[in-house]
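Here is the structure we will look at.
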Amino acid sequence: MSKVAEHTPGRKLFSSKIAALVVWTITIIWTIPTFGLFVSSFRSKADIYATGWWHVFLHPHFTLANYHDVLFGSQTQAAVANGVLPYLVNSIVITIPAVIIPIVVATMAAYSLAWVKFKGSDFVFFFIFALQIVPLQMSLIPLLQLFTGGAHIGSITIIPKLGIAGHFAGIWLPHAMFAMPLAIYLLHNFIASLPRDLMEAAYMDGANHFKVFRQIVIPLSIPAIAAFAIFQFLWVWNDLLVALTFASGTEEIAPINAKLASLVGQFGSGWQLLTAGAFISIAIPLIVFFSLQRFFVRGLLSGSVK
Amino acid sequence: MTISKKGRFASAGVAAVALIASMITGVGSAHAAYNCDPFAGYKGIKGKTVTIFTSILDPELSTMKAAWADFTSCTGVNIKIEGSNQFEALLPVRVKGGNAPDLALIPQPGLLAAMVKTGKVKTAPAGVVANVNKYYSASWKNLGSVGGKFYAAPLGSNMKSLVWYSPKQFAKNGYTVPTTWDGMLALADKMAANNQTAFCGGIGSGGATGWPATDWLEEVVVRMYGQQTYNDWISHKVKFSDPKIIAAMQKVADWMQNPKYVGDVKAIASTSFQDAGQTIAAGGCNMLQQASFYGSQLPAGTNISPTGDVFAFYLPTINASVTTPVEGGGEFTTAFSSRPEVQAVQAYLSSATYATSRVNLDHWVSANSGVPLAAYKDPIDRLSAKYLADPKSTFVFDASDAMPAAVGAGKEWTEFTAWFAEGKAIKDVAAAIDAAWPKA
């Protein structure tokens, strides 16, 4: 495939020197704000408020105090009296199930929609795919009402009240729901493109759907699953809206983003904490991304280009 | 907007000391450390939990916890408070979704009225009504009422009608504190003649950018026309495009958009309100109209006193027939539950015991007349409390807080930002705000 690609005009265009220059320029411009934040996180509060971060090149003066305060707590900064580590743990507790639940459900759904022929399966797939256009924000209040009050027609209870608002489950479920259309779409396209011969050979050998799913589909789908896992992980990790709506901002449950949003404080006097806190919260997604990134491009392409 | 949102004033240092102090007493001999007598009336709430949702963040949030620490220790009630800078957006979502907190500290009467409309707000229990009748003026009680029913007791309050200046710089340059509006502008002319910047200004405040400018207009409106027109303006009987309000906006433009007084007008929109007055002590600019809480924005170690680096004077009146106009604000303890423990906490928060405990901890002003003036250690707080408690003053609540949220916490901010940043014409600004007014 790469031999063919080298001869296409697109490939040539993107390997020219001018293109490289453009790409590098864009990359640098996009990175500057993050770099500035990074430099600021090592500056003292007084420095941050007095001068811009680029002054460090002339007057290098760094401190680890911001990271110390944010990680281990500070007696003089009430906003981080206990540090942000409890919130970091909350973020992990929220994110891992919110990634695993949609993967489990969506992989099974994608397999059955692709390989188990039943009447209307195309329509079901199309319907699920179309659900992607429903904006998350629109469903916040109805979903919250469902969690706190259940669903009723007259006096008949369709769905009992779950009472999970304010608990971790109340964050996992919305995330899993909102992720489902994209997850099923991505995985369906990948799983549907697995070689038919392979499946048929397995059926001939007497394997049932469960066996095929477990022993053929899942191992072959790892790149697509990993790609979606990265997507979902980053989305859930960076989410603030769902967490604030379905849970609350207290230390028992709030993710690190909710804490970061308030670190700057009542009077905007905590920027130095925000810079360090932001980098601590970035660290974990970076680890996830770089450890899974080789799947990322492969998995993305596999679902779409064939 | 919202004095109260940005409003309460707490120094991190004091808060931390208070926290540590409360920890130490908590660890030590528990019974000797605090006096439980004032809380004898709150019974049967041990082990119960009350949730509070607020826009107040640290460091002030921690100070609040320290202020009610004795109450929670003595009664055994557990108060879980959550502060969010997305309070105004999240509260309606949670209330409509059935996930309302027990108590919300609402800083905008407009938002309070919107919440009452949902039917989820409980009227004030007897204990709260008794406290408010005893300690607060009728105007404060009216502010916590919607449609003639009393719902929410005031908690914190503050005063906006102040101008920050440097007594030392004034003494050095031979300036005197003005007592009339024209006197203030004459002083500004004098400063301009000396090549000094008379007025500092900054209306930047993140998602709430523009609110300091709404205060400037409110101060001018109440000073020109008095309480009646001001209240009619809040209820939209007097529109923004009314000649009276247009004239008031022109008065603001002559004051805070006058390049002779402020230098670069556009810079006001891009300067945060926190940064605006940082150079007052050094004489960079001379006067800043800002609320009482502005003192906590000044650099640590600034001597805030009548003879110090920085102090404040009362923003003088324009029309002599309007006696001592005072603009202020505060937040209101609104209940979404009538469980006994919620009502007990609600009653405690409206009492003079809580207000005094809170005043003792740091810079905080209450309109609660049960707090002795001597309890205020800070001269600015005492100055504010004096005006807030004065029965003769023409007291008005922050108009943008009292207007419907779509205007007072939305269109007015963005239009005023455009007014300063882009020089948008006054009549266009007024027309755009009128157009955003919700149809009744």
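Using a 4.5 Å cut-off between heavy atoms, B/Leu61 does not touch chain A at all. Contact of A/Phe246 with chain B is made through the backbone alone, with heavy-atom distances under 4.5 Å.
Side chain of A/Gln145 to backbone of B/Lys96: a donor-acceptor contact under 3.5 angstrom is found. Put simply, the side chain of B/Asn99 never gets that close to the backbone of A/Thr148: no donor and acceptor are under 3.5 Å apart.
Your options are A/Gly149, A/Ala261, A/Pro142, and the one with the most heavy-atom pairs under 4.5 Å with chain B is A/Ala261.
Residue A/Ile153 qualifies as open at atom CD1: its count of foreign heavy atoms under 6.0 Å is 12 or below. By the 6.0 Å contact criterion, NE2 on A/His152 is enclosed, its count of non-hydrogen atoms from other residues, nucleotides or ligands being greater than 12.
Distance CG/A/Leu241 to CG/B/Leu90: 7.5 Å, rounded to 0.5 Å. One finds the CD atom of B/Gln86 at 9.5 Å from the OG1 atom of A/Thr245 (value rounded to the nearest 0.5 Å). To the nearest 0.5 angstrom, A/Leu244 atom CG is 6.5 Å from B/Arg94 atom CZ.
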